[in-house]
Structure formats: C-alpha cells, structure tokens
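Worksheet: one structure, shown below.
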Amino acid sequence: MEWLMVNPGFFDEYSEEIRDALNQTRSFDHPILDLRDYLLRKLQMDINALQARETELLKAARDNSIIHEQIFSATLAILQAVSFDTFIETITTKLTEIFNIEVSILFFEGSEKVFEADNRVILAADLNTTPKFFEGLAKNIRSCAYLKLKTSDASQTCFLALGSVNPRAFHPSQGTEFLYFFSDILEVCLEKWLIEKKP
C-alpha cells in the first residue's frame, strides 16, 4: 500500500496488463484480489466525463447556431430600414422579436457610465433588479446586453441596450463575436441616418 501511495498512476499505466492477468486467474483457488470492478468503475467515470463534455459541446454548438441566425435576421432587418424612424422602430420592435427579449432601445447619452476602457459589448446575467435603462419600459429584466456604438460626432456616442426577463438570456460566458459584428452594422447604419438628419 505504501508503494501504491507513492505510485498513484500504476493502475492507469498498466490497466490493460492487469486486465489480462485477471482474465487468466479467475479461479477462486488463487488468493488474488479482482480489480475488474475498479477498472469498470474507472471506465464508467471516463465514459460519463466524455458524455458530459459531448453534451456541453453540442449545447454550445446549438447556442452558437441560434445566435448566428438571430444576428443574421437582425442585420437584414436593420439594413432594410428606409428612414431614421423605421431604423428606430426596427430596433425597438423587430429586435425584441428576433432575439426573443422584452426590450430593445437605443440610448444617445450616458454611455460613459456603462462602458469602461475600450469595451464595446457588456453582458450581464442573474440581475436582482431591473437596470435603470429599462425602467418604465419593461419589468423584471434579469439579464441584458449593452452594445456601444461610435459615431463621427463625439457628442452622439450611444449604445444599444437589450433586456430579457430570462436571467441567462445574456451572460458573460457567451461568445461576443457576432455581437461585435452586429455593433459594426449598427454603427454604419446609425451614422448614415444621423448624417441624413442633419440640416
């Protein structure tokens, strides 16, 4: 036992040899401890770990596919806007349907209070109270996403705020590549409509 304690990898390294030896000494006349139960338990643990990993990867793939479809649909909707008013209407109505959320709104002030450094996307989950940006617009918002949008006019810095009652609709461990892409699309379209609105 002392030797095994200082050589914990023995059974892992020689599992096949041990299995072969046990298969040759199945007679109860031999005073040998059958380690097949140990090997079976280890094999079952390995299988369970692989299955859990596979389930996690499949879920991530499904989530990624859903987000891809949502971003694609949202991008088309934004590009189809024919005026600044329809652009805003798309943000406040169509985006909520596409992302299956409760509220979507564009803010033209206060983005410096939300973002730090060069962050362009912020995701928050399991919120205890509704963020102030959604007060009067929706209740019981428990997760949100903020997408910072830059414009040529420094005074017109703004961000898109998305809110959901689902506490895990947005969460920090989500991938943000598609959201960054969507931010780029929004910036281009927003700049276009801001220029056209200028006198």
Side-chain angles (χ1 to χ4, degrees), residues 59-127 129-199:
K59 182 180 183 302
R62 287 194 298 268
D63 291 345
N64 190 61
S65 177
I66 292 173
I67 293 174
H68 179 272
E69 292 179 3
Q70 290 176 333
I71 293 296
F72 182 75
S73 298
T75 298
L76 287 179
I78 289 295
L79 292 175
Q80 289 171 351
V82 296
S83 67
F84 183 74
D85 290 338
T86 56
F87 173 73
I88 296 298
E89 183 180 359
T90 298
I91 288 177
T92 57
T93 58
K94 290 186 178 181
L95 292 191
T96 59
E97 298 174 1
I98 292 172
F99 291 119
N100 192 28
I101 57 178
E102 278 61 45
V103 60
S104 171
I105 188 168
L106 197 65
F107 285 91
F108 285 88
E109 294 180 353
S111 59
E112 69 280 359
K113 299 179 182 178
V114 178
F115 297 87
E116 297 180 359
D118 295 327
N119 291 341
R120 290 186 64 197
V121 175
I122 295 178
L123 303 175
D126 301 311
L127 302 174
T129 59
T130 297
K132 62 179 181 179
F133 302 107
F134 304 119
E135 291 178 356
L137 300 172
K139 297 180 179 180
N140 301 320
I141 297 299
R142 293 298 175 259
S143 67
C144 58
Y146 301 121
L147 282 62
K148 187 177 182 180
L149 309 177
K150 297 179 181 178
T151 68
S152 58
D153 185 350
S155 64
Q156 291 292 334
T157 55
C158 61
F159 64 94
L160 175 71
L162 308 173
S164 173
V165 296
N166 180 351
R168 303 295 292 176
F170 304 105
H171 53 86
S173 61
Q174 280 180 328
T176 56
E177 293 84 0
F178 290 132
L179 291 176
Y180 272 87
F181 168 76
F182 189 52
S183 296
D184 291 338
I185 297 297
L186 285 172
E187 284 182 355
V188 172
C189 294
L190 177 61
E191 182 69 15
K192 168 189 174 182
W193 295 123
L194 288 178
I195 291 176
E196 290 193 8
K197 280 182 65 66
K198 289 182 177 179

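- Checked by atom type and distance alone, the side chain of Thr130 never pairs as donor or acceptor with a backbone atom of Lys139 at under 3.5 Å.
- With hydrogens and angles ignored, the 3.5 Å screen pairs no side-chain donor or acceptor of Thr176 with any backbone N or O of Leu179.
- Judged by distance alone, with hydrogens and angles left aside, the side-chain atoms of Glu102 form no donor-acceptor pair with the main-chain N or O of Asn166 at under 3.5 Å.
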For this session: Could you walk me through whether Arg120 and Asp184 pass side chain to side chain contact (heavy atoms under 4.5 Å, CB included), step by step?
Result: CA-CA 10 Å; Arg120 290 186 64 197; Asp184 291 338; 3.0 Å; yes
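- For the atom pair CG of Asn100 and CG of Leu95, the computed distance is 12.5 Å after rounding to the nearest 0.5 Å.
- When all heavy atoms of Cys144 and Pro131 are compared, the pair lying nearest together is SG-CG, 4.2 Å.
- Contact check for Phe133 versus Val103: no side-chain heavy atoms found under the 4.5 Å cut-off.
- Ring planes of Phe182 and Phe99: perpendicular class, angle over 60° (limits at 30 and 60°).
- For the pair Leu149/Ser183, a side-chain contact is recorded, criterion being any heavy-atom separation below 4.5 Å from C-beta on.
- Looking at Ile71 and Glu177, their side chains never come closer than 4.5 Å, going by heavy atoms from C-beta outward.
- Atom CZ of Phe170 sits about 11.0 Å away from atom CG of Leu127, to the nearest 0.5 Å.
- Here the CG-CZ distance, from Leu162 to Phe134, works out to 7.0 Å after rounding to the nearest 0.5 Å.
- Gly163 and Ile101 make their closest contact through O-CB, 3.3 Å (heavy atoms, listed as atom of the first residue, atom of the second, distance).
- The CG atom of Leu190 sits 13.5 Å away from atom NZ of Lys150, with the distance rounded to the nearest 0.5 Å.
- Within the 4.5 Å cutoff, the side chain of Thr92 has no heavy atoms near those of the Leu106 side chain.
- Shown here is Tyr180, whose OH atom has more than 12 heavy atoms of other residues, nucleotides or ligands within 6.0 Å.
- In this structure, the separation between CG on Leu137 and CD1 on Ile105 is 4.5 Å, given to the nearest 0.5 Å.
- Side chains of Arg168 and Asp126 form a contact here, defined as non-hydrogen atoms less than 4.5 Å apart.
- Counting only heavy atoms from C-beta outward, the side chains of His171 and Leu123 never approach each other to under 4.5 Å.
- The distance from atom NZ of Lys148 to atom CD of Glu187, rounded to the nearest 0.5 Å, is 9.5 Å.
- Heavy-atom neighbours of His68 NE2 from other residues, nucleotides or ligands within 6.0 Å: at or below the threshold of 12.
- In this structure, Ser104 contributes its side chain and Ile91 its backbone to a donor-acceptor pair below 3.5 Å.
- Smallest separation of non-hydrogen atoms from Ala125 and Pro167: CB-O, 3.3 Å.
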